[in-house]
Number of protein chains: 2
Amino acid sequence: MTQQRKVILRVLAGADDHPDANELYHRAYALDGSVSLSTVYRTLRLLADRGAIQRHAFEEGRARFENADREHHDHLIDIETGQVIEFHSEEIEELQARIAAERGYEIVRHKLELYVKKRGS
Amino acid sequence: MTQQRKVILRVLAGADDHPDANELYHRAYALDGSVSLSTVYRTLRLLADRGAIQRHAFEEGRARFENADREHHDHLIDIETGQVIEFHSEEIEELQARIAAERGYEIVRHKLELYVKKRGS
DNA sequence: TGACAGTTGCAACTCGTTCGCATTAGCCTT
DNA sequence: AAGGCTAATGCGAACGAGTTGCAACTGTCA
Ligand SMILES: [Mn+2]
Ligand SMILES: [Mn+2]
Ligand SMILES: [Zn+2]
Ligand SMILES: [Zn+2]
């Protein structure tokens, strides 16, 4: 457990949004100037592989991350402001499972993203 | 309407899978050696902007494309074989719309991908 | 037939992410 | 406390999908 890793973990634990690697780098660097972007990427990959954090794609180039210690939820993305809103629908989750089961499959993971705009804008 | 564009359009029209840009380039090049990868990318962007084709992300690096003249559907991706299966659930579509509406939004587009494996494998 | 806008191929570029490598830090064992 | 071994680091170079600048070319329409 190196100094850099500790700082990155602290930043991740304290994040309640969906920051990308560069944003996390800047937050970590502000706490400890010995953190490099490479190490941020390496740590993110490590944690994602272990399932400790989640990586999202959100149709822009970069990946965004969030802590995985929370309950499952999906995302609604305002395409005008970029704001990310979380939601959960047990009904949708069940329908998804049924659709997969009807075809002889089981769901390993899924991605549900609603790209939205304010009503009447 | 140049020769290259015609060939790329023909290839797209004849594709019943979800090919990426490189695959489309190879299919087009086989029909007409004067097609370049740049032009494939340019044509894909043009068509996607016009809504004539759809671009999917499917968590691997490259984008995959499909003709947009068909009805809306979502995808189930076998993570063991890579096979892409299409499905449509009006119930899920309605639940999505309701979730957005409850929060004051309307859906512009959405992404629903089920990453699955054969039951008991 | 000529002219001009739009399109092309190519190579060079971008941008997020990964990698190679020499150096350093963490941590065991004496 | 000192040494030693491994794993982790920073840096810069490399990666891969996609884009772009530019000079040459094509399609179209007068
Ligand atoms: Mn979230
Ligand atoms: Mn499809
Ligand atoms: Zn879900
Ligand atoms: Zn759908």
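Chain A is the first sequence line, chain B the second, and so forth, proteins listed ahead of strands; every chain is numbered from 1.
- When the side-chain nitrogen and oxygen atoms of B/Thr2 are compared with OP1 and OP2 of C/dT8, one or more of them lie within a distance under 4.0 Å.
- DNA chain D lies under 4.0 Å from no heavy atom of any residue of residues 10-28 of chain B.
- Taking the side chain of B/Arg45 as heavy atoms from C-beta on, and the options C/dT7, D/dT20, D/dC11, the nearest nucleotide is D/dT20.
- Among the candidates A/His88, A/Arg109, A/Glu93, the single residue satisfying the side-chain hydrogen bond (donor to acceptor under 3.5 Å, both in side chains) test with A/His72 is A/Glu93.
- Side-chain polar atoms of A/Glu113 and A/Tyr115 form a donor-acceptor pair below 3.5 angstrom.
- Take B/His75 and apply the ring pair (Phe, Tyr, Trp, His ring centres under 6.0 Å) test, not counting sequence neighbours, and it matches B/His18, B/His56, B/Phe58, B/His73.
- In terms of position along DNA chain D, the nucleotide closest to B/Ser38 lies nearer the 5' end than the nucleotide closest to the other residue of the pair B/Gln4 and B/Ser38.
- Few gaps surround CZ on A/Phe87; more than 12 heavy atoms of other groups in view lie less than 6.0 Å from it.
- Put simply, OH on B/Tyr29 is 16 Å from P on C/dT8, counting in whole angstrom units.
- If you measure from atom CE of A/Met1 to atom C1' of D/dT6, you get 15 Å, rounded to the nearest angstrom.
- Distance from the side chain of B/Arg42 is smallest for D/dG21 among the nucleotides C/dG16, D/dT19, D/dG21.
- Between D/dT9 and A/Arg5, a contact under 4.0 Å exists linking OP1 or OP2 to a side-chain N or O.
- The side chain to side chain donor-acceptor pair (under 3.5 Å) search around B/Arg50 returns none, not counting sequence neighbours.
- Applying the salt bridge (Lys or Arg N to Asp or Glu O under 4.0 Å) criterion to B/Arg64, with sequence neighbours excluded, gives B/Glu60.
- Using a 4.0 Å cut-off between charged nitrogen and carboxylate oxygen, A/Glu94 and A/Arg98 do not count as a salt-bridge pair.
- Nearest nucleotide to the side chain of A/Tyr41, out of C/dG16, D/dC11, D/dG18: C/dG16.
- Straight-line distance from the CD1 atom of B/Ile8 to the C1' atom of C/dT8: 10 Å, rounded to whole Å.
- Separating the CG atom of A/Leu44 from the P atom of D/dA8 is a distance of 15 Å, rounded to the nearest angstrom.
- Listed by chain and number, the residues in a salt bridge (Lys or Arg N to Asp or Glu O under 4.0 Å) with B/Glu86 are B/Arg70 (sequence neighbours excluded).
- Within residues 54-67 of chain A, the residues approached by DNA chain C to less than 4.0 Å at the level of any non-hydrogen atom are A/Arg62, A/Ala63, in residue-number order.
- If B/Leu37 and A/Gly33 are placed on DNA chain D by their nearest nucleotide, the residue sitting closer to the 5' end is A/Gly33.
- Within 4.0 Å of A/Val40, counting heavy atoms only, lies no atom of the nucleic acid at all.
- Within the 3.5 Å criterion, the main-chain N or O of A/Leu12 finds a donor-acceptor partner in the side chain of A/Asn67.
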